[in-house]
Amino acid sequence: MNLLVVENLRKDFGGVRAVDDVSLRIGEGEFVALIGPNGAGKSTLFNVIDGQLAADAGRVRYCDRALERMSTAVRTRLGIGRTFQVAQAFASMTALQNAQVALAAGREALSVGAPLWRRHEEAARALLAQVGLAERAGSAASTLAYGDLKRLELALALAAGPRLLLMDEPTAGMAPGERTALMHLVEELAVARGMAVLFTEHSMDVVFGFARRVLVLSAGRLVADGTPEAVRADPEVRRVYLGDAA
């Protein structure tokens, strides 16, 4: 079954066409990389899929539901999670409090009643344990090492129980060992949760080490879609992105 279906998507910024007639499908449980040069339109495509930007043309469907009129919050509750190039969390809150906020946002309206810090604590601790942050639950997000902050952001994205997780450069700024460890963790969580993952990435070690399928954008257009081996050997991909030395 296809979780995500994108059809003839277009997004313009003035005279610049950032996403140009892109169509793609992501199935249940797939682990897919989206690559391309800087400015290829990868983040713009993600922003249209998760509702931060409205498309100028085309359609986005998730679990056979049209998303065009739905906000980012509604799409999150439907099962589309997202992480960003720069890890995002509430810096002054502890890791546990961040997880509690994310769980509350995904499960209920944030309203008056029992203080937030009395709700979802057990689930929040379990979520942090899943990403290896059980021992840092009481630490302020601002004090976490960058790799731990990336893990916290992953936990926040998982709070609403996504069936599709969009990860925008998940290993940016990380050392090689940290990159591999994070992607192994994402891979394990995706299998355990039956979750599909679509991620952008500039590290070819990560792309070809973890993706089961690779999509390639160039100047807003999808120029390749196939197995890592097929994409690596594709002459057009080598010309626009990987280079002759790839």
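Values below: all heavy atoms of this structure, side chains included; hydrogens, waters and symmetry mates excluded.
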Query raised in the report: Is there a chain of hydrophobic side chains (I, L, V, M, F, W, Y, each step under 4.5 Å between heavy atoms) that links Met195 to Val206?
Result: yes
**Report entry** Test item: Leu24 and Val5 side chains (from C-beta on) under 4.5 Å apart, heavy atoms
**Finding:** no
Report task. Please examine the side chains of Leu156 and Leu158, heavy atoms only from C-beta on, and report whether any two atoms are closer than 4.5 Å. Result -> no
Report task. Please answer: with hydrophobic residues joined when any side-chain heavy atoms are less than 4.5 Å apart, are Leu165 and Leu128 in the same cluster? Result -> yes
Requested in this report: Answer yes when Arg125 and Glu122 have at least one side-chain N-carboxylate O distance shorter than 4.0 Å, and no when they do not.
Outcome: no
Requested in this report: Evaluate the side chain to side chain contact (heavy atoms under 4.5 Å, CB included) criterion for residues Leu4 and Arg61: first the C-alpha distance (whole Å), next the side-chain angles of each, then the deciding distance (0.1 Å), finally the verdict.
Outcome: CA-CA 6 Å; Leu4 178 72; Arg61 300 185 67 83; over 6 Å; no
Query raised in the report: Counting N and O atoms only, with roles assigned by atom type, does the side chain of Glu7 sit under 3.5 Å from a partner on the main chain of Val60, one being a donor and the other an acceptor?
Result: no
Query - Side chain to side chain, Leu198 and Leu34, heavy atoms closer than 4.5 Å - result: yes
Report task. Answer yes or no: is there a donor N or O on one side and an acceptor on the other, between the side chain of Asp50 and the main chain of Thr72, under 3.5 Å? Result -> no
Report summary line: Shortest non-hydrogen pair, Pro162 vs Gly81, comes out as CB-N, 3.6 Å
Query raised in the report: Do the side chains of Leu182 and Met174 get nearer than 4.5 Å, heavy atoms only?
Result: yes
Query raised in the report: Are the charged groups of Arg221 and Asp20 less than 4.0 angstrom apart, N to O?
Result: yes
Requested in this report: Quick one: do Ser43 and Gln85 satisfy side chain to side chain donor-acceptor pair (under 3.5 Å)? Show the steps, please.
Outcome: CA-CA 9 Å; Ser43 293; Gln85 292 181 28; 2.8 Å; yes
Report task. State, yes or no, whether a side-chain contact exists between Glu121 and Leu96 at a heavy-atom distance under 4.5 Å. Result -> yes
Query raised in the report: Are the side chains of Val131 and Leu152 in touch, meaning some heavy atoms are under 4.5 Å apart?
Result: no
Query - Exceeds 12 heavy-atom contacts within 6.0 angstrom, atom CZ of Phe90 - result: no
Query raised in the report: Looking at Ala157 and Arg82, what are the two nearest heavy atoms and their distance?
Result: CB-O, 3.6 Å
Query raised in the report: Shortest non-hydrogen contact from Val186 to Val197?
Result: CG1-CG2, 4.2 Å
Query raised in the report: With no hydrogens and no angle check, is any side-chain donor or acceptor of Tyr62 less than 3.5 Å from a backbone partner on Gly79?
Result: yes
Query raised in the report: Looking at Asp21 and Arg10, does any basic side-chain N land under 4.0 Å from a carboxylate oxygen?
Result: no
Requested in this report: Supply the atom-to-atom distance Ile49 CD1 to Leu9 CG, rounded to the nearest 0.5 angstrom.
Outcome: 7.5 Å
Report task. Tell me whether Val22 is reachable from Leu164 by hopping between hydrophobic residues (I, L, V, M, F, W, Y) whose side-chain heavy atoms are closer than 4.5 Å. Result -> yes
Query raised in the report: Is Lys42 reaching over with its side chain to a backbone N or O of Glu201, donor-acceptor style, under 3.5 angstrom?
Result: no
Report task. Would you check if the side chain of Asp148 reaches a backbone N or O of Leu144 as a donor-acceptor pair within less than 3.5 Å? Result -> no
Query raised in the report: Can you check whether Ala140's main-chain N or O pairs, donor with acceptor, with Thr143's side chain at less than 3.5 Å?
Result: yes
**Report entry** Test item: Arg136 side-chain N/O and Ser139 main-chain N/O as donor-acceptor pair under 3.5 Å
**Finding:** no
Query raised in the report: Same cluster for Leu53 and Leu222 if Ile/Leu/Val/Met/Phe/Trp/Tyr side chains link at under 4.5 Å?
Result: yes
Report summary line: Between Asn98 and Ala141 the two heavy atoms that sit nearest each other are ND2-CB, 3.9 Å
Query raised in the report: Ser203 and Arg179: which non-hydrogen atoms are nearest, and at how many Å?
Result: OG-NE, 3.7 Å
Query - Side-chain heavy atoms of Ile26 within contact of Asn2, under 4.5 Å - result: no
Query - Val48 with Val32, same ILVMFWY side-chain cluster at under 4.5 Å - result: yes
Query - N-O pairing of Lys150 and Glu169 below 4.0 Å - result: no
Query - Centroid-centroid under 6.0 Å between Phe31 and Phe199 rings - result: yes
Query raised in the report: Can you check whether Leu67's main-chain N or O pairs, donor with acceptor, with Arg75's side chain at less than 3.5 Å?
Result: yes
Query - Shortest non-hydrogen contact from Leu149 toward Ala89 - result: CD1-CB, 4.2 Å
Report task. Could you tell me whether the side chain of Ser71 and the main chain of Val74 form a donor-acceptor pair under 3.5 Å? Result -> yes
Report task. Please check if the side chain of Thr227 supplies one atom and the backbone of Arg213 the other of a donor-acceptor pair under 3.5 Å. Result -> no
**Report entry** Arg239 vs Glu236, salt bridge (Lys or Arg N to Asp or Glu O under 4.0 Å): CA-CA, chis, key distance, verdict
**Finding:** CA-CA 5 Å; Arg239 184 185 70 80; Glu236 179 65 6; 2.8 Å; yes
Query raised in the report: With a 4.0 Å cut-off, would you call Arg163 and Glu28 a salt bridge?
Result: yes
Query raised in the report: Are Ile35 and Thr200 close enough that some pair of their side-chain heavy atoms sits under 4.5 Å apart?
Result: no
Query raised in the report: Per the side chain to side chain contact (heavy atoms under 4.5 Å, CB included) rule, which among Glu188, Arg193, Arg151 passes with Gln130?
Result: Arg193
**Report entry** Salt bridge present between Arg212 and Glu30 (N-O < 4.0 angstrom)
**Finding:** no
**Report entry** Lys NZ or Arg CZ of Arg232 over Phe208 ring: under 6.0 Å, within 45°
**Finding:** yes
